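As structure tokens, the structure follows; a few thoughts come after it.
In what follows, every chain begins at residue 1, and chains take the letters A, B, ... in the order their sequences are listed. Given the structure is predicted, the values throughout are model-derived calculations rather than measurements. Values below: all heavy atoms of this structure, side chains included; hydrogens, waters and symmetry mates excluded.
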There are 4 protein chains.
Amino acid sequence: MATIRKSARSTNPAAERPHPDATRRSQRSRQAIYDAALALVGEVGYPKTTIEGIAARAGVGKQTIYRWWSSKAEVLLEAFLDLGEQAVQAQGQEEPYAIPDTGDIAADLKAVLRATVDQLYDPKFEAPSRALAAEGLVNEQLGREFVAKLLEPSLQLHVDRLRAAQAAGQVRPEIDPRIALELFVSPLAQRWLQHTAPVSYAYTDTLVDYALHGLAPR
Amino acid sequence: MATIRKSARSTNPAAERPHPDATRRSQRSRQAIYDAALALVGEVGYPKTTIEGIAARAGVGKQTIYRWWSSKAEVLLEAFLDLGEQAVQAQGQEEPYAIPDTGDIAADLKAVLRATVDQLYDPKFEAPSRALAAEGLVNEQLGREFVAKLLEPSLQLHVDRLRAAQAAGQVRPEIDPRIALELFVSPLAQRWLQHTAPVSYAYTDTLVDYALHGLAPR
Amino acid sequence: MATIRKSARSTNPAAERPHPDATRRSQRSRQAIYDAALALVGEVGYPKTTIEGIAARAGVGKQTIYRWWSSKAEVLLEAFLDLGEQAVQAQGQEEPYAIPDTGDIAADLKAVLRATVDQLYDPKFEAPSRALAAEGLVNEQLGREFVAKLLEPSLQLHVDRLRAAQAAGQVRPEIDPRIALELFVSPLAQRWLQHTAPVSYAYTDTLVDYALHGLAPR
Amino acid sequence: MATIRKSARSTNPAAERPHPDATRRSQRSRQAIYDAALALVGEVGYPKTTIEGIAARAGVGKQTIYRWWSSKAEVLLEAFLDLGEQAVQAQGQEEPYAIPDTGDIAADLKAVLRATVDQLYDPKFEAPSRALAAEGLVNEQLGREFVAKLLEPSLQLHVDRLRAAQAAGQVRPEIDPRIALELFVSPLAQRWLQHTAPVSYAYTDTLVDYALHGLAPR
DNA sequence: CGATAAGCGAGACGGTACGTCAGGTCTTGGA
DNA sequence: TCCAAGACCTGACGTACCGTCTCGCTTATCG
């Protein structure tokens, strides 16, 4: 969640959408649409962001949007993915993000969760990701895309780190890492998404401690 | 989460919305609106449910909706709360739900989570609660109402049960129950909401075990 | 053609178009739409007159136009009929137009044709009637309405006058007046509509003379 | 009107439209465009005939149309002229049409008008000529072209025949043939164009009789 | 007990955005 | 260099709902 990766998507050049000829596609327009979509979601919120508004702001015909995407949610999803890619490239980061492995699983997870918190409240990211999450709840197709392209890569890193911890004897070997990671990731996600309670570093640290050592007395 | 209660709301007779005279309110219309709203959300989905559609289906003027509610989300929220109340009354349940206390915290939590799973996939409840959750992500005011009226009461029961477990020495005394419950509630919620993975009894049982005993070797 | 009458249409109060409730209709909007339509056709021409433009100029929602008319041609037709009615009322003319009967059929027809010429080149009338005529050629349904509501009443007056002339022995009794009137009306109409040649009083006088006395030597 | 001639147009090889090099023009495309335009006007009507539709049907790029014509009306006008030429050539008719001169002006005119009626209701000709006439009413530039290229040549033949009749003493010498011909041509044109009344041989015969001998008693 | 004022059903209204169609311009790649 | 193909910006289409507003019509106190 704290991590956005180059993500599988970007390298199948043609025909993600069936009909038009992608080789003739205007990169200028595409980028302008991404920028406009992200800006509008940030400024007026997702529900008041309209395709017409995006087109106008991007200086683009509506048809150019409809040609390549089928809904504002799809536009925003791709815009957000693109934003992630650009953020990665801007840092000159050749390695895709990974969770550090200092040998101390508790410390590493706490560090990652703190970074995740920072990202969740980064104004550039908050509005779009909240909007996409919301849309995904109700629109299953988009929800799956959202999960696969945005969440999954990041979750996989947690799985990897937990497996390493198992190898190092810091996590019990019979634990399923896919489930384990949810103990600390999901609570954070829910608090942030649903405003159920404030999110602080102390909170995420506590989550990691509880998850590692359990609620029951030892 | 598995529980829906009478919930604070129902007994302040006048002026939830400022203007009209609630004593003259037509209960026939109110109920018809609730029914129509829930039916439409179930049949065509939340985004295609419209105020006009609800009014038409309920045989009601649009103004009658706008007089008492300010958005389709509010209508649906109240309709859903009403649905919960009616479900409770139908069972002749005078006591509000509570989590059983057999003395075995693990068993009790597993039972409650299994009941929660059943409710989440009950067709009457799924569409509206998913819709309300989605709307709540993006509309903070509604989100808070949603949390306070629907989630909070149920979460409080978990808190109570965890405190009892602490008194019984089954949960460490320094644990914060508000955070603790998230270890198993949030993962379930997220899997369900975001379709990230299937939800089974085995899964919720595992969550309880992991949460109680931790990931680290003991 | 020189004459616009109260015309049968205006006095069936309800349901010319099936669906909406005509009693609730906004007369303010209706008049604003008529004004806007006529103004736009005069200013930018019929093809560049759009429903959207009419709505904007009239300060009216598009739906208010689509509720009551099915095309811009219909709007313009009714607007034009209304214009005619108002022109008649403005003159305080209680009698519907009629062709004068001085006893001299030649003089009377020449007078009427001169008046017709004046009207054809009246800027308020020219653009809309030309546009409606054009639309009527290609859209048969509208064409029939146009003929029935605008042309027919005026043509009937010519028929009446010709019958009077037959009674007075100025026109041969076996002549069919419906056909006879076309000898001078149609040439005028065609010159005007198709810009085939200029139209002058001398021309219309000549038409009447040729029609009355024939081309062949007597 | 009953006659379509080789007409001035066809033999100025270059630069009717300024820009492109007409010598390199693809005759295949040109013919395909004509065919498509006429077919579409016949099948779906003039208003629903679009440049895109013509291009698609002709298997031609839109630019190929815009390169050589400035509007669908122009395309159709040329297509229609071409159709006339081809019809003439198909009959192996080296002489341009002329009105017969049997010495009996009444009979000759009646014959020509009957032929005109036949042509007006020929399905190949009706839709395009009606469409062009309509467009000409509103678009003065095109209207003049339409008149000059299509109507004028045919009208001139009537003028010639009337002059011959004058020489033969069958038409009064002081009659202006340009005006005279309108007495029978315009009524026919108007009935056909505006669907004001059915057109039959009996009707056109009557027109000729009325025009020649006048309405007044002799 | 009759007046009067509220809620109500209906739905017209001024708007905004939808998703589509076509116009006319421009670019690309193949002949 | 012309042409087919079609992406692009533009602008209008006709539709769906929004939230507001008026209409009569119950209906239920209160003067």
Exercise. Roughly how far, to the nearest 0.5 Å, is the NZ atom of A:Lys72 from the CD1 atom of A:Ile65?
Worked result: 12.0 Å
Problem set entry | Nearest heavy atoms of A:Ala127 and A:Gly42, plus distance in Å | CB-CA, 4.1 Å
For this session: Look at the side-chain N and O atoms of D:Arg25 and state whether any lies under 4.0 Å from the OP1 or OP2 oxygen of F:dC2.
Result: no
Exercise. For E:dG23, does either OP1 or OP2 sit under 4.0 Å from a side-chain N or O belonging to D:Trp69?
Worked result: no
For this session: Starting at CD of C:Glu135, measure out to OH of C:Tyr46 and round the result to the nearest 0.5 Å.
Result: 3.5 Å
Exercise. What is the distance, rounded to the nearest whole Å, between atom OH of D:Tyr66 and atom P of F:dG6?
Worked result: 17 Å
Problem set entry | Phosphate OP1/OP2 of E:dG14 contacted by C:Thr64 side-chain N/O (<4.0 Å) | yes
Exercise. Roughly how far, to the nearest 0.5 Å, is CZ of D:Phe146 from CG of D:Asn139?
Worked result: 12.0 Å
Seminar exercise, completed: Taking for C:Arg28 and for B:Val60 the nucleotide of DNA chain E with the nearest heavy atom, the one nearer the 5' end belongs to B:Val60
Exercise. Would you find a donor on one side and an acceptor on the other, under 3.5 Å apart, between the side chain of A:Thr64 and the backbone of A:Val60?
Worked result: no
For this session: Please tell me which of B:Glu52 and A:Ser71 maps to the more 5' nucleotide of DNA chain E, matching each residue to the nucleotide holding its nearest heavy atom.
Result: B:Glu52
Exercise. Within the structure shown, what part of the strands sits under 4.0 Å from A:Gly53 by heavy-atom distance: base, sugar-phosphate, or nothing?
Worked result: nothing
For this session: Please state whether the base of F:dG19 and the side chain of B:Lys62 form at least one donor-acceptor pair under 3.5 Å?
Result: yes
Exercise. Step by step, would you call D:Arg57 with D:Glu43 a salt bridge (charged side-chain N to carboxylate O under 4.0 Å, His left out)?
Worked result: CA-CA 12 Å; D:Arg57 173 119 172 197; D:Glu43 289 168 22; 2.8 Å; yes
For this session: For each nucleotide in nucleotides 22-30 of chain F, reading 5' to 3', give B when a protein heavy atom comes within less than 4.0 Å of its base, S when such contact involves only the sugar-phosphate, and - otherwise.
Result: -B----S--
Problem set entry | Heavy-atom side-chain proximity of A:Leu38 to A:Leu76 below 4.5 angstrom | yes
For this session: Evaluate the side chain to side chain donor-acceptor pair (under 3.5 Å) criterion for residues B:Gln31 and B:Gln27: first the C-alpha distance (whole Å), next the side-chain angles of each, then the deciding distance (0.1 Å), finally the verdict.
Result: CA-CA 6 Å; B:Gln31 194 58 51; B:Gln27 293 308 313; over 6 Å; no
For this session: Send over the distance from D:Lys72 NZ to E:dG23 P, rounded to a whole Å.
Result: 7 Å
Problem set entry | Whole angstrom value for the distance that separates P of F:dC2 from CD of D:Gln27 | 14 Å
For this session: Round to the nearest Å and state the distance from B:Arg67 atom CZ to E:dA6 atom C1'.
Result: 9 Å
Exercise. Is there a side-chain polar atom (N or O) of B:Ser29 under 4.0 Å from OP1 or OP2 of E:dG7?
Worked result: no
Problem set entry | D:Glu74 CD - E:dG24 P separation (whole Å) | 12 Å
Problem set entry | Whole angstrom value for the distance that separates C1' of F:dA4 from CZ of D:Arg57 | 18 Å
For this session: Go through the structure and list residues passing side-chain hydrogen bond (donor to acceptor under 3.5 Å, both in side chains) with C:Ser71, not counting sequence neighbours.
Result: none
Problem set entry | Contact list for DNA chain F against residues 36-51 of chain B - heavy-atom distance below 4.0 Å | B:Thr50, B:Ile51
For this session: Would you kindly give the CD1-to-C1' distance between C:Ile33 and E:dC13, to the nearest whole Å?
Result: 10 Å
Problem set entry | C:Trp68 six-ring face occupied by C:Arg30 cation (under 6.0 Å, within 45°) | no
Problem set entry | Separation of E:dG14 C1' from C:Ile54 CD1 (nearest whole Å) | 16 Å
